Amino acid sequence: MEQDNHTNNQVDKAVTEGGSYDIIRQRLLEQGDELDTKIAQLNKARSDEFGSTELTVLGRSRVRTEHNCLGRDIVQVGPHLVFGYNVFIGLKKTTRIEDVFSMYTLKHEDDTFTLSSVELAGSFLADSKFKHDFDELYRYYKDTHLVQLVIKDGHLLAGFQIGERLDDLRVFRWAVSADGNTVTYVDNRGERDLDLPQKHDFEWIETERDDIVQGRFPHVNILDTVFVETIGGDLTVKIENNSQTGEGIYSEPVVEENQSINDASISYAKVGNLLLIKILPYKELQWRYFLFNPFNSEVQRIDAIGDSCVSLPEDHGVIFPDGFYLETGEYKSFDINHPGLQFKRRIRSPNGEDMLFIFYEPIDGTFALLSYNLITKTLQNPIVTHGYALADNGTAIVFTAGEEPTRMHPMQVWQTPFCSDEFASAA
């Protein structure tokens, strides 16, 4: 209460002394800076008390494969790392399990990380039923190649593309115990387990004829919040339901100038307080994606929303493959340059402070790992990789495959806050 009275007295004093907008604005900015400082101090005290783990590179290592190959994916299974790749052996008639998989353990001494090879004999990859199914796969499908390794819902999945289409898959499944030490082969019928979730975790609503407001400059009314049209040579977004003027808060040209109000396809979605809009002007092939923030009446064109977009926790905003937009108006994007990334999964740290959003492009097997902090509302630079393996203690191994087959495969070792709940409880 005393703090509120002090704040009010400061504002009243500013009005009495000058009453000018600049003075009041300066006072409010100073109070805002003071509040930010106190929040930072409180957050530091919280981190000191409960601990906080940064997403940082700990070191580097490499693995050596028997043949030249292109690395495809990597996964942590209990104490071991399983590295999957595609080998090009020329005239060799048969493909062995060793030509696709190898296993390693990560060792850390002083500041050095070493990935030591583990024999497949005696491991779950030497299971006789799996070997039979594996041999049969490569015998009947000559263009078979590994596309993905993943731990999901207590199962290890190994997906192989057997045809020209991405969904021509054969997926091997192993049941993995909670501690990861017992791995049992199940079958080769896990195709549905590899399905990606929806690209958006919200529903697009298509506008209808009843949403059109006629007038000299007709437009489409979206939730009585924004008004859009693509006539007269440009796409315009307005925040006033005024069809007598054609001006708005945002505009950009369209290809076909002579189109009517009915010609464009327009849909929208409400995510928290944010309004997402997608528009396909007449005779155009590419949808345009926009975000309207009522907090600052800002319109931002963000076409990455079309590839994939999901909501951040607690109505903070939305995140997409190359960045995020917060309800506060903060917008950040990164130059990832990997089109086609789709939302795959999210992982929350045991302390609830950090969340990892994983986007995946299935053709090249590219991942974009975006870590968001709910306390600071910040997004760290994304990790773009061809494979990642996350251990129970939060240590992650990532690699980026080269353009040419090779025997040496560089790996990065990362420290992350995304350990398992069991590890966090024990710690």
Side-chain angles (χ1 to χ4, degrees), residues 39-59 61 73-82 103-111 113-116 118 123-124 149-157 173-184 186 193 197 201 310-314 316 319 343-358 367 369-380 383 385 387-398 411-427:
I39 290 174
Q41 292 172 346
L42 179 62
N43 188 42
K44 183 179 184 304
R46 180 195 56 79
S47 297
D48 293 341
E49 178 68 22
F50 299 104
S52 180
T53 304
E54 297 290 333
L55 188 68
T56 55
V57 176
L58 295 177
S61 186
D73 211 343
I74 191 169
V75 68
Q76 184 87 36
V77 185
H80 298 131
L81 289 155
V82 179
M103 294 177 62
Y104 305 87
T105 56
L106 178 66
K107 298 180 179 179
H108 181 204
E109 294 183 5
D110 299 326
D111 294 329
F113 291 90
T114 304
L115 285 163
S116 301
V118 176
S123 74
F124 62 89
L149 291 171
V150 66
I151 295 285
K152 183 178 180 183
D153 299 331
H155 286 84
L156 166 64
L157 307 174
R173 293 190 292 187
W174 292 262
V176 182
S177 63
D179 59 8
N181 292 322
T182 303
V183 185
T184 307
V186 179
D193 295 337
D201 65 350
V310 294
S311 53
L312 289 168
E314 302 172 10
H316 281 200
I319 188 167
F343 175 70
K344 183 173 177 64
R345 65 181 298 205
R346 71 190 85 198
I347 302 173
R348 192 159 191 163
S349 63
N351 63 11
E353 178 179 338
D354 299 282
M355 184 164 284
L356 184 67
F357 291 86
I358 300 168
F367 293 90
L369 313 180
L370 284 74
S371 179
Y372 178 74
N373 185 278
L374 277 74
I375 304 298
T376 61
K377 296 185 178 180
T378 55
L379 186 68
Q380 291 195 246
I383 302 172
T385 176
Y388 73 95
L390 191 61
D392 281 347
N393 64 0
T395 301
I397 305 292
V398 304
M411 305 275 172
Q412 282 187 333
V413 183
W414 284 76
Q415 170 186 277
T416 84
F418 304 104
C419 60
S420 68
D421 292 334
E422 293 77 13
F423 180 86
S425 298

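Treat the numbers as computed from the prediction; the structure is a model and nothing was measured. Just so it is clear, the values below take in all heavy atoms, side chains as well, and ignore hydrogens, waters and symmetry mates.
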(message) So I383 and L55, do their side chains get closer than 4.5 Å, heavy atoms only?
(response) yes
(request) Tell me, please, which residues at least two apart from W174 pass side chain to side chain donor-acceptor pair (under 3.5 Å). (result) none
(message) Do P350 and F423 make a side-chain contact, defined as non-hydrogen atoms from C-beta onward lying under 4.5 Å apart?
(response) no
(request) State which residues pass side chain to side chain donor-acceptor pair (under 3.5 Å) with S61; sequence neighbours excluded, sorted by chain then number. (result) none
(request) Please determine if D193 and K152 form a salt bridge, counting it only when a charged side-chain N lies under 4.0 Å from a carboxylate O. (result) no
(request) First locate atom OH of Y388, then atom CG of L149, and finally report the distance between them rounded to the nearest 0.5 Å. (result) 11.5 Å
(message) What I'd like to find out is whether the side chain of F357 reaches to under 4.5 Å of the side chain of L379, using heavy atoms alone.
(response) no
(message) Under the rule for side chain to side chain donor-acceptor pair (under 3.5 Å), what residues qualify as partners of T395, not counting sequence neighbours?
(response) N393
(request) Please list, chain by chain and in numerical order, all residues satisfying side chain to side chain donor-acceptor pair (under 3.5 Å) with S420, sequence neighbours excluded. (result) none
(request) First locate atom CD1 of I375, then atom CG of D354, and finally report the distance between them rounded to the nearest 0.5 Å. (result) 9.0 Å
(request) Determine whether V413 and V57 make a side-chain contact, defined as any pair of heavy atoms from C-beta on separated by less than 4.5 Å. (result) no
(message) Under a 3.5 Å distance rule, please check whether T416 uses its side chain to pair with a backbone N or O of G394 as donor and acceptor.
(response) yes
(message) Please enumerate all residues that pass salt bridge (Lys or Arg N to Asp or Glu O under 4.0 Å) together with D421, with sequence neighbours excluded.
(response) none
(message) Just to verify, what does E314 make a side chain to side chain contact (heavy atoms under 4.5 Å, CB included) with, not counting sequence neighbours?
(response) H316, R348, L374
(request) Identify the heavy atoms of D179 and N181 that sit nearest to each other, and give their distance. (result) OD1-N, 3.0 Å
(message) Among residues at least two apart in sequence or on other chains, which ones pass ring pair (Phe, Tyr, Trp, His ring centres under 6.0 Å) with F113?
(response) H108
(request) Please round to the nearest 0.5 Å and tell me the distance separating atom OH of Y372 and atom CD of Q380. (result) 12.5 Å
(request) Rounded to the nearest 0.5 Å, what's the gap from CG on D73 to CG on L157? Could you check? (result) 11.0 Å
(request) Report yes if some heavy atom in the side chain of L81 is under 4.5 Å from a heavy atom in the side chain of M411; otherwise report no. (result) no
(request) Compare all side-chain heavy atoms of V310 with those of I319 and state whether any distance is below 4.5 angstrom. (result) yes
(request) For H80, enumerate each residue passing the ring pair (Phe, Tyr, Trp, His ring centres under 6.0 Å) test, keeping only those at least two apart in sequence or located in another chain. (result) none
(message) If the condition is salt bridge (Lys or Arg N to Asp or Glu O under 4.0 Å), which residues does D201 pass it with, not counting sequence neighbours?
(response) R346
(message) Within this structure, what is the CD1-CG distance for the pair I397 and L106, rounded to the nearest 0.5 Å?
(response) 4.5 Å
(message) So V82 and F124, do their side chains get closer than 4.5 Å, heavy atoms only?
(response) yes
(message) If I compare all heavy atoms of T385 with all of G387, which pair ends up nearest, and what's the gap?
(response) OG1-O, 2.8 Å
(message) Taking the side chain as everything from C-beta on, heavy atoms only, tell me whether P417 gets closer than 4.5 Å to E353.
(response) no
(request) Could you tell me which residues satisfy side chain to side chain contact (heavy atoms under 4.5 Å, CB included) with V176, sequence neighbours excluded, listed by chain and number? (result) I151, L156, V183
(message) Restricting to non-hydrogen atoms, name the atom on I74 and the atom on A389 that form the minimum distance, rounded to 0.1 Å.
(response) CG2-N, 3.9 Å
(message) Distance check, rounded to the nearest 0.5 Å: T114 atom OG1 versus K107 atom NZ?
(response) 8.0 Å
